[in-house]
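One-based numbering, in listed order, for ligands and for the atoms of each. Positions are given from 1, in the same order as the sequence printed here. In this text, all values refer to a predicted model and were calculated from it rather than measured experimentally.
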Amino acid sequence: MKAKIGIDAGHGGASSGTYSVKTTADGLFEKDFTLELALLVEKKLLANGFSVVMSRREDKNPGTVSERAKKMAAEKVDFALSIHFNGFGSESANGTEVFVPHGETAAKIEAALFEKLGGFFRVRVPFARSNSFFDRNKTFDKKLNLKTEKFDTVSAEKDYFGFIRTCWESGISADLLEICFLTNEKDFAVYSENREEIADEIAKSIVEAFGEKYIFEKAEEIPRALPRIRHKYDVIN
Ligand SMILES: [Zn+2]
């Protein structure tokens, strides 16, 4: 029996997340990109014989981040991944980030994500990081030991990000992945050009961490063919 993976497409419905360099033109927000990528990663994992629990499969908000995590816990997933994209007022901010629970020691998936996503984006810190629940700005970088595939430091702090915090408290190993900055021209272009490859790398990181050989299978539906919903929001930036 292969592993069961939880995939959370960040935001949804009224929670649109960040905007992109093209939002004023195409009306697409972070919530659209997270859903598109989550559906692609799901396809890839299913093609590899894994089972997948999705937090949402449409443009709806399925609940708070804790509720999403509780669903993953109720489904007893072996690992949960929350997919997000970053945005920042300054267009210069770029790169990929992985947030892991403070208590996490195993780093197999994260080491793979850094290596594989590093082929597309700048790895913002060569560590996985988590923020303190008590001080959002206090960031803990957890050094990866690539030999042991474990984190060198483990903190007892509570995690800031509700998804990984609730997963961890429910005994589920989880990551929150900020793929890249939609507000950065280059990141946006690289992501737009390589959606399927990036989905493959994420799925491959998970599949191989569970000791299976990754099977590449081209998505029947290419990402650009996924339905595009135009939104009527006023974009303030
Ligand atoms: Zn987000």
So which N/O/S atom does His84 have closest to the Zn ion (ligand 1)? ND1
Does either side chain, that of His11 or that of Glu30, offer a donor lying less than 3.5 Å from an acceptor on the other one? yes
Does Lys22 have more than 12 heavy atoms from other residues, nucleotides or ligands lying within 6.0 Å of its NZ? no
Regarding Asn61 and Ser15, do their side chains bring together a donor and an acceptor under 3.5 Å, going by distance alone? no
So which of the N, O or S atoms of His11 lies nearest the Zn ion (ligand 1)? NE2
Aromatic ring centroids of Phe161 and Phe99 under 6.0 Å? yes
With carbon and hydrogen excluded and only N/O/S kept, which atom of Glu30 is nearest the Zn ion (ligand 1)? OE2
Restricting to N/O/S atoms, is Glu178 within less than 2.8 Å of the Zn ion (ligand 1) or not? no
